[in-house]
Amino acid sequence: MKIAVYSAQPYDRRFLDEARASMPGVEAAYFSDRLELDTVPLAQGCTAVCVFVNDILDAPVLEALHALGVRAVLLRCAGFNNVDLQAGARLGLFMARVPAYAPEAVAEHALALVMTLNRRTHRAYVRVREGNFALDGLLGTTLHGKTVGIVGAGQIGACAARIFHGMGCKVLVSDPAPTPQLDGVAERASLDVVLAQSDVVSLHCPLMDATRHMINSTSLARMKRGAMLVNTSRGGLIDTAAVIDALKSGQLGALAIDVYEQESTLFFQDHSSDIIADDVFQRLMTFPNVLVTGHQGFFTIEAMREIAAVTFANLACHMQGSPCANALPHT
Ligand code: NAI
């Protein structure tokens, strides 16, 4: 049995090889290329593919993989908005994900973004190294006592709620599902109330048709003037053009994102010698109150180990024909 690992970086190989050692007989071929129709032939001779957040798993790609003999799709991530579930089910593909590898890692990254932007440590770092110890421009706010709104209180959102509660913030959560795990930590509220009352709004809900561009010109206008917006979930939750307008007018006080709607052409690659053609992204880069990281919320040693272990546990379920708790819905 051989797996084609797409979008593979050296760190993926390190952790996947470590976990693969427990499965003799399973070979892996690593490709830095993203999975898309043109790169399907790389999986020649493989019966499984292993993919990440920006690989394309639409119907044509799944059909082409199936025609090549691929029978299993292993997502080494939680989100599966890039997968055509119906096509996968129709083709009888085994498709499984890693539902939670380290929710704390992503929640902690959201905190890091908030603290960096709020206390300007990214600017202070550069200044001090240049011998500039002036404080002008580094004024922040004390988060203790502020209101933090969590949109989507699942595994990651719940961790984030507990973190901000621990810092003495009032925490509001908006989630259609019940949140008994946050009793005593956070108050439930509608999205409108969360937007209107929060000094920091942190997005942790999945990207679906219902949540695409949930942050748009209308919802931005409902936010408290000068509030901070944080997105470590999926770029498509935000209408970036509307966010730029809100930053220009001062309605939005600061933006921290680990994900970006058009990230698939930028993130996980070194573009430092390239001309970046994405004018929307480049406009974001001009704001002093915008902080962007390149989808690194998950990137801790613990999470990478968990991703690799669960990926191979999912593969073992497929090979043994045993039920898999991590199988994607409808597949
Ligand atoms: P989860 O499935 O545990 O929680 C999602 C929550 O969002 C659920 O409680 C659900 O009821 C809620 N939700 C659904 N629709 C909503 C709506 N319209 N408004 C408010 N809440 C809504 O997912 P988990 O593990 O907490 O992950 C959240 C997202 O974080 C994932 O979908 C993924 O896109 C992203 N993620 C980002 C990573 C990164 O490295 N930046 C790493 C892992 C996940």
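Worth saying up front: this structure is predicted, and the values here are computed from it rather than measured. In each ligand, atom 1 is the first atom listed, and ligand 1 is the first ligand listed.
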Can you find a non-hydrogen atom of [X] under 4.0 Å from ligand 1?
X: Leu207; answer: no
X: Ala210; answer: no
X: Tyr101; answer: yes

Check: Distance below 4.0 Å between atom 23 (O) of ligand 1 and any protein heavy atom?
Finding: no

Margin query: Strictly less than 4.0 Å: does any protein heavy-atom distance to atom 27 (O) of ligand 1 fall in that range?
Written below: yes

Ligand-side contact atoms (ligand 1) for residue partner [X], heavy atom cut-off under 4.0 Å:
X: Asp258; value: 39 (C), 40 (O), 41 (N)
X: Arg234; value: 33 (C), 34 (O), 35 (C), 36 (N), 37 (C)
X: Ala177; value: 11 (O)
X: Gly297; value: 40 (O)
X: Ser174; value: 20 (C), 21 (N)

Note to self: Under 4.0 Å between a side-chain nitrogen and a carboxylate oxygen: does that hold for Asp55 and Arg34?
What the structure shows: no

Item checked: Salt-bridge contact Glu63-Arg90 (side-chain N to carboxylate O under 4.0 Å) -> yes

Next item on the list: Have a look at Gly152, Pro206, Ala78 and point out the one with the heavy atom closest to atom 14 (C) of ligand 1.
Entry: Pro206

Note to self: Quick check on the 6.0 Å ring-centre criterion: do Tyr11 and Phe299 meet it?
What the structure shows: yes

